[in-house]
Amino acid sequence: MTLPERAPTRASFLAFSLLLAACAGGEPAPADVAGARLDLHVGALSLPGVGRVCYDVRVESGASETVWSRGVVGTSAAGGDTTTICSDAYGDGAGGGVAYVGTCDASAPEHTVRLWIDSIEDENGAPLTDWRDPCPPGQDGAPGGCTKPAHCDANADTAVTFDLTVMRAANQGFFDVAVEFDDIFCSAKLDCAYDDAGEEPIELLFRDGVRSQTAVVGFACTGGPGGAGTILYASDISVACGTPGSVSLAASIAYATLEDGSAVGFEVHQGSAGPPTLVPMYWERTGADTWATGVAAPTGSFTSGELLWPLGPNRVAGPSFDTSNPEGGSGLTVWQRSGGAWSIETTIANTALGASHVRYDAAHDRLWIGDSAAALVSYWDIGSEVVNLPSIEGAQCAVHDFSGDLAIGDCGGGPTMFDAGAGSQAPLPLPAGVPTASSLTRGAVLSDGSFLGVLQQPAATAILVRWTYDGVKSWLATTIVDDGAAGMVMDWAESGYVAVTAGAGQQTLYRADGSGGLDSWATGTLDGGATAGFHLNGVVVGYDSAPIVVGVAEKGGEGVPAAGVLGATATAIALQELPLTTPIPNLQAMGGFGVDAGGDLWIVGGDPATFYDLQGVAGSDDAVWRVHVAGAALVVDDHVALDADAVSMTDFFGHTFAPLRAVTAISGTTIPEGGGGVASAFEPFAGGSSATPLAATPLASPLGPAATVAHLDPTVTGNGWTTDPDPTDGVWGYAIYRGSEALQCDGVSCDKLYWNAAVGFDPAVDDCTLHFEATATDAPGFPEGATPAGARYPVIVFDAPLTAGGAVVCRKDGLDDGSGHVVSTYTPADTPTTFCYGYNGEEAVTSPSCSDAGF
């Protein structure tokens with residue numbers, strides 16, 4: 001990369017907004033009917049040398065019918081398209097801004113607005129060709145473009161905004177070949193040889209004292225002189241080796257167990273190129289301690305998270321990715337099992353989900369969905385259409401609990417009641433003196449229909465509030481705890497109990513008493529003495545008619561597992577420690593409740609990290625206890641500790657502390673030395689004694705032997721490791737180099753940063769491919785590494801083969817040189833993409849949302 005001193009040109013942005021005006025009903029009005037408007041506005045581009053910009057637009061109703069459209073996708077204005085919307089006819093001409101009027105259809109209120117950039121022309125009317133389209137046409141009959149949802153209300157206006165960043169080639173200035181976006185010039189390359197023929201391989205890193213074959217990854221960006229500062233973002237660097245197009249298994253997780261002991265979960269798959277995907281799996285239990293080889297649930301694949309929601313026997317839901325959709329939209333799918341086979345019951349598309357944003361209402365067979373991208377709450381009566389409640393200001397919408405047609409949550413505008421019956425939402429009142437900017441962080445419905453919620457106040461203090469309906473027309477708010485430290489609410493809706501953290505980590509258990517009051521229990525005593533703290537993980541009801549509380553108490557400065565039979569209200573919960581002959585470090589989480597054929601209750605506990613961290617924690621086995629109630633006392637058998645080095649009993653965790661049900665097996669994940677995970681199952685309910693360690697039965701993958709994937713940490717400095725952790729993969733060493741280059745532009749710093757890597761790979765390991773993604777922005781950067789919501793943000797992607805056919809095939813791959821190995825493109829869809837690692841010129845950091853980084 002050469003770097004002559006030259007100031008950058010301005011960034012290229014599109015700001016595109018539409019205002020949907022509804023018809024009162026029936027057929028949508030034509031664009032020239034007064035009072036039925038769609039006001040479309042496009043902000044002027046800041047690209048230099050732009051004469052006019054044209055756009056193709058289509059508005060689709062919830063019935064997937066076209067309400068109206070302008071422009072012919074694939075035919076430009078210069079090529080004869082007279083219906084496209086151009087800035088010289090509907091806007092400011094050279095600036096590229098437009099204004100246009102259209103309609104929407106209130107009889108089918110859920111709309112999709114689809115946008116394509118028809119063309120960008122210079123001042124002389126000649127089409128510009130040096131820009132990369134963020135909203136390209138689809139393939140194989142798919143429409144493509146960029147899309148936004150819109151709700152059409154009769155006699156009301158709805159604004160829809162597109163924020164697009166347009167990349168433009170920058171073949172002069174700071175780099176030989178570069179792209180410009182967001183006031184940033186970036187370039188990249190991958191070299192394995194000094195010459196194009198590959199006769200002079202790069203031998204940089206030392207292998208056994210000898211310089212050996214090395215791939216050099218280069219990524220650099222500059223914001224130019226006088227900027228706020230450049231921030232670089234990157235993924236980890238992965239090298240996958242195996243048969244081209246094959247799929248390797250990085251980990252498999254059994255997430256929940258069905259009533260017959262069969263397990264459902266997912267597997268982490270890594271292809272020969274590209275990021276990993278997660279595929280839903282099912283392992284049938286064919287007999288005692290016996291499970292058949294897993295089968296993949298049909299269609300699509302997960303793209304993130306370990307999310308599965310059991311929806312009753314033989315039915316699960318989870319986020320899915322439609323591989324037939326070139327837009328790469330994510331959605332939500334329900335799978336059902338019949339006759340031993342899994343099939344898709346129904347699916348919805350383009351839904352951005354998170355674990356805390358989905359709640360299942362079994363009585364209505366309904367999923368409440370908080371959409372983290374579109375800032376709205378939806379409900380889905382499974383099998384019918386999704387209903388989007390009116391959107392409000394905010395983001396990261398979450399639904400915390402529900403009762404009947406009502407749900408409580410928050411989208412950033414404060415505590416809100418969502419009503420599926422009325423299809424509406426309304427703010428909930430705040431107690432006197434509480435700031436209006438307070439937000440509902442967690443809430444739970446009580447058995448009498450009232451609910452408790454934690455209000456986070458702007459001064460970083462929190463209070464516990466109870467909302468009750470006055471029986472006529474309004475909700476009333478009453479402060480229950482006002483010590484400034486109310487915390488996480490845990491609820492067991494079927495039992496009517498709610499646990500709230502308050503004060504110095506203490507938890508109090510509440511239950512509606514049926515007369516408008518609240519029963520409560522203190523955080524408890526442990527083995528007859530006071531305990532400094534008790535974290536309540538579950539309440540089991542319907543078992544011997546004696547509610548049992550389970551959690552972790554503090555004893556001797558450490559947490560110990562504890563359980564007890566719930567006593568009279570207003571008394572301390574009498575707890576007893578669950579014995580552990582061999583201590584389990586950091587045992588904090590309890591879960592996996594079930595009753596065996598003999599009527600005994602089984603409890604699982606362990607390090608919470610093992611529920612999520614597939615790299616494992618040495619010695620962090622789970623433990624299993626068998627208990628039963630005798631009168632008012634809890635009888636605990638000797639514990640059963642799992643004897644693998646690292647085991648995660650994931651069954652029921654975070655899902656079903658109540659209601660209690662019979663089980664024949666518990667699913668989990670064994671974590672072998674070196675990381676990864678193997679889906680496993682355990683049968684603690686038949687044979688042996690309570691002191692017999694549980695043996696894990698690995699659940700087989702249909703993929704056979706796994707190929708190798710090496711994940712390399714880009715935040716290290718210098719050599720990544722001193723000893724190769726996996727001699728069987730294609731990488732024997734790597735090093736990271738990053739810094740700020742002392743480059744001057746017109747006498748001031750150009751603020752140029754680089755983030756480079758040297759990867760030592762083995763030419764004898766066949767079919768290896770390197771994958772890496774990177775982007776940049778101005779300071780202060782992206783919150784937690786996530787690109788802006790609703791934007792397709794520019795990104796540089798490396799997908800380069802290193803070896804094939806027993807030889808090194810990597811040569812010199814430059815940015816957008818036609819090889820397709822190092823390309824500038826956009827993040828998929830219009831949902832935020834998180835880059836786990838950032839660098840500001842001084843330090844490299846890992847995003848808090850990426851604690852399960854791949855390396």
Side-chain angles (χ1 to χ4, degrees), residues 351-359 368-379 388-403 406-420 424-446 450-469 474-491 493 498-503 505 507-508 510 654 780 782-786 788-790 831-832 834 847-849:
T351 302
L353 302 171
S356 64
H357 304 144
V358 175
R359 297 298 300 268
W368 285 95
I369 305 167
D371 193 313
S372 59
L376 55 84
V377 165
S378 307
Y379 67 88
N388 296 327
L389 297 176
S391 60
I392 60 177
E393 293 294 329
Q396 299 296 328
C397 291
V399 175
H400 298 307
D401 207 352
F402 57 83
S403 177
L406 301 180
I408 57 172
D410 195 340
C411 287
T416 303
M417 180 69 72
F418 303 97
D419 189 340
S424 64
Q425 65 182 38
L428 287 164
L430 300 176
V434 174
T436 57
S438 299
S439 60
L440 181 68
T441 59
R442 285 297 299 268
V445 175
L446 297 170
S450 65
F451 67 92
L452 294 179
V454 173
L455 280 182
Q456 187 72 39
Q457 302 178 91
T461 59
I463 62 174
L464 179 67
V465 177
R466 184 187 189 189
W467 283 269
T468 55
Y469 192 63
S474 62
W475 288 85
L476 307 175
T478 305
T479 300
I480 303 300
V481 175
D482 189 12
D483 62 3
M488 183 70 73
V489 172
M490 301 183 68
D491 65 285
V498 176
V500 178
T501 302
Q507 285 199 323
T508 302
Y510 294 94
F782 302 136
E784 296 193 0
T831 57
T834 296
S847 168
S849 61

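Just so it is clear, the values below take in all heavy atoms, side chains as well, and ignore hydrogens, waters and symmetry mates.
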Participant: Carefully, step by step, assess F402 and F418 under the rule side chain to side chain contact (heavy atoms under 4.5 Å, CB included).
Facilitator: CA-CA 9 Å; F402 57 83; F418 303 97; over 6 Å; no

Participant: For P431, run the side chain to side chain contact (heavy atoms under 4.5 Å, CB included) check against L476, T479, T478 and tell me which one passes.
Facilitator: T479

Participant: Does one side chain, of S450 or R466, offer a donor that lies under 3.5 Å from an acceptor on the other?
Facilitator: yes

Participant: Check A477 against V465 and note the closest heavy-atom contact, atom names and distance.
Facilitator: CB-CG1, 4.0 Å

Participant: Rounded to the nearest 0.5 Å, what separates atom CG in D419 from atom OG in S424?
Facilitator: 4.5 Å

Participant: Which heavy-atom pair separates V445 from S403 by the least distance, and what is that distance?
Facilitator: CG1-CB, 3.6 Å

Participant: Counting distance only, does the side-chain N/O of D401 pair as donor-acceptor with the main-chain N or O of A444 below 3.5 Å?
Facilitator: no

Participant: Within the side chain of Y379, is there an N or O that forms a donor-acceptor pair under 3.5 Å with the backbone of A420?
Facilitator: yes

Participant: Could you walk me through whether T834 and F782 pass the side chain to side chain contact (heavy atoms under 4.5 Å, CB included) check?
Facilitator: CA-CA 9 Å; T834 296; F782 302 136; over 6 Å; no

Participant: For V377 versus C411, what's the shortest heavy-atom pair and its separation?
Facilitator: CG2-SG, 3.9 Å

Participant: Considering non-hydrogen atoms only, spot the tightest contact between P415 and S438 and give its length.
Facilitator: CD-O, 4.0 Å

Participant: Kindly determine whether V434 and L455 satisfy side chain to side chain contact (heavy atoms under 4.5 Å, CB included), including the steps that lead there.
Facilitator: CA-CA 9 Å; V434 174; L455 280 182; 4.2 Å; yes

Participant: Hey, is the main chain of G453 close enough, under 3.5 Å, to the side chain of H400 for a donor-acceptor pair?
Facilitator: no

Participant: Look at the side chain of W467 and the backbone N and O of P429, then say whether any donor-acceptor pair between them is shorter than 3.5 Å.
Facilitator: yes

Participant: Applying side chain to side chain contact (heavy atoms under 4.5 Å, CB included), run through S439 and T441 and close with a yes or a no.
Facilitator: CA-CA 6 Å; S439 60; T441 59; 4.2 Å; yes

Participant: I'd like to know if the side chain of T416 and the backbone of G414 have a donor-acceptor N/O pair within less than 3.5 Å.
Facilitator: yes

Participant: Side-chain contact test, heavy atoms from C-beta onward, threshold under 4.5 Å: evaluate it for W475 versus F451 and give yes or no.
Facilitator: yes

